[in-house]
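Side chains included, hydrogens not; waters and symmetry mates left out as well; all remaining heavy atoms used. Counting begins at 1 with the first residue of the sequence. Since we're looking at a predicted model, the values are computed, not measured.
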Amino acid sequence: MQDVESSDPCSLPCPVETTVGVIGGKWKPVLLFHLVSGAKRYSELQRLVPDASDRMLTRSLRELETDKLVNRTVFAEVPVRVEYTLTNDGETLFPILEAMSAWGQRRVDRDTDAKKSATTAA
């Protein structure tokens, strides 16, 4: 008889759990999505993700850098300039981020349509 655990597609290590462990969290996917379009300075990322505190933005970027999804480049200028870019491994996340964006847009559109319908019916 076959062991039930070994037939489980998410037996250790679970690929979905691995992915969520690396890109999960409130801000990491958003930061990655913004970096798809090219290099960004820290201040640009702050403007693009205004709800993230400085602490969480820094922490998320450091974790993405540790996981080798983001490169941090410091330019020897006055004032010092720091840019963040996706690594080759980070760029492989593009289809996932694009799918998340499309799904989110459909949800926003659906919710907007539902609100319009409710307002019209009232």
Worksheet item: What are the two closest heavy atoms between D67 and K28, and how far apart are they?
Response: OD2-NZ, 4.4 Å
Discussion item. With clusters defined by side-chain heavy atoms of hydrophobic residues (ILVMFWY) lying less than 4.5 Å apart, directly or transitively, does V74 cluster with L31?
Written reply: yes
Practice prompt. Not counting sequence neighbours, which residues clear salt bridge (charged side-chain N to carboxylate O under 4.0 Å, His left out) with E98? List them please.
Written response: none
Worksheet item: How would you list, by chain and number, every residue that makes a side-chain contact (heavy atoms from CB on, under 4.5 Å) with R62, sequence neighbours excluded?
Response: T58
Worksheet item: Is V49 close to W27 at the side-chain level, that is, under 4.5 Å between some pair of heavy atoms?
Response: yes
Worksheet item: Any link between L64 and V20 through a network of hydrophobic side chains (Ile, Leu, Val, Met, Phe, Trp, Tyr) touching at under 4.5 Å?
Response: no
Discussion item. For A39 versus E44, what's the shortest heavy-atom pair and its separation?
Written reply: O-OE1, 4.3 Å
Discussion item. Donor-acceptor check, side chain of S101 to backbone of L97, threshold 3.5 angstrom: yes or no?
Written reply: no
Fill in: Test item: side-chain donor near acceptor, N71 and E65, under 3.5 Å
no
Worksheet item: Between V22 and L69, does a side chain to side chain contact (heavy atoms under 4.5 Å, CB included) hold up when you go through it step by step?
Response: CA-CA 9 Å; V22 175; L69 297 177; 3.4 Å; yes
Worksheet item: How about R106 and D109: do any of their side-chain heavy atoms sit closer than 4.5 Å?
Response: no
Worksheet item: Under 6.0 Å from the CZ atom of R55, do we count more than 12 heavy atoms belonging to anything else shown?
Response: no
Practice prompt. Check whether any side-chain heavy atom of V70 sits under 4.5 Å from a side-chain heavy atom of T85, and report yes or no.
Written response: no
Discussion item. If hydrophobic clusters are built from ILVMFWY residues whose side chains come within less than 4.5 Å, do F94 and L45 share one?
Written reply: yes
Worksheet entry | Side-chain heavy-atom pair F33, I96 within 4.5 angstrom cut-off | no
Practice prompt. Please list, chain by chain and in numerical order, all residues satisfying side-chain contact (heavy atoms from CB on, under 4.5 Å) with S37, sequence neighbours excluded.
Written response: K40
Worksheet item: Is there a path from F75 to L35 through hydrophobic residues (I, L, V, M, F, W, Y) whose side chains come within less than 4.5 Å of each other?
Response: no
Response to the item:
Separation between OH (Y42) and CZ (R72), nearest 0.5 Å, reads 10.5 Å
Worksheet entry | Atom OH of Y84 with >12 non-hydrogen neighbours under 6.0 angstrom | yes
Item to complete: Starting at OG of S60, measure out to CG of L32 and round the result to the nearest 0.5 Å.
Response: 9.5 Å
Discussion item. Distance check, rounded to the nearest 0.5 Å: Q46 atom CD versus D54 atom CG?
Written reply: 4.5 Å
Worksheet item: Heavy-atom distance under 4.5 Å between the side chains of V108 and T112, does that happen here?
Response: yes
